[in-house]
Amino acid sequence: MLRQVLEAGVPYFGICFGNQLFGRALGLDTYKLKFGHRGINQPVVDRTTGKVEITAHNHGFAVAAPSTPPSPPSSVT
């Protein structure tokens with residue numbers, strides 16, 4: 001399903017697990033970081049409204065960079 005989203009050219013925003021899912025949809029591997037990023041009470045500003053929300057971060061995995069770039073979805077070329 002995610003590959004279809006990419007092929008349709010739908011904009012997406014993937015952070016952490018979302019990024020991993022899209023990487024896997026492109027056939028890339030993921031791996032566990034030796035030292036991840038763990039952060040609580042991180043303020044994030046919504047620049048359209050000016051509203052500040054407090055978020056938690058727990059990034060422990062990454063998408064492996066391919067030795068050759070993956071071919072783009074058909075609608076991107």
Side-chain angles (χ1 to χ4, degrees):
M1 180 171 52
L2 293 177
R3 184 69 184 196
Q4 291 172 343
V5 169
L6 292 171
E7 289 172 353
V10 175
Y12 70 90
F13 186 67
I15 296 178
C16 196
F17 188 58
N19 182 56
Q20 293 172 52
L21 290 174
F22 279 105
R24 298 294 294 206
L26 291 170
L28 303 174
D29 288 327
T30 57
Y31 64 95
K32 184 169 178 51
L33 296 168
K34 185 174 181 180
F35 300 101
H37 167 69
R38 314 282 189 266
I40 58 170
N41 300 331
Q42 301 291 319
V44 176
V45 177
D46 180 338
R47 292 186 177 213
T48 60
T49 64
K51 183 178 178 181
V52 177
E53 301 207 29
I54 303 300
T55 65
H57 299 250
N58 184 10
H59 306 290
F61 290 83
V63 176
S67 56
T68 58
S71 54
S74 58
S75 65
V76 177
T77 56

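Every heavy atom of this structure was used, including side-chain atoms; hydrogens, water molecules and symmetry mates were not. No experiment lies behind these values; they were computed from the predicted model shown.
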### Message
According to a hydrophobic-cluster definition based on side-chain heavy atoms being under 4.5 Å apart (Ile, Leu, Val, Met, Phe, Trp, Tyr only), do F61 and L21 belong together?
### Response
no
#### Entry: Residues forming a side chain to side chain contact (heavy atoms under 4.5 Å, CB included) with V44, sequence neighbours excluded
T55
### Query
Of the non-hydrogen atoms in N19 and V63, which two are nearest, and what is the gap between them?
ND2-CG2, 3.6 Å
### Task
Group every Ile, Leu, Val, Met, Phe, Trp and Tyr by side-chain heavy-atom contacts under 4.5 Å, then state whether V10 and F22 land in the same group.
yes
### Heavy-atom side-chain proximity of E53 to D46 below 4.5 angstrom
no
### Summary
Note: V52 and P43 closest approach over all heavy atoms is CG1-CB, 4.0 Å
### Among L28, D29, T30, the one residue meeting side-chain contact (heavy atoms from CB on, under 4.5 Å) with Q20
T30
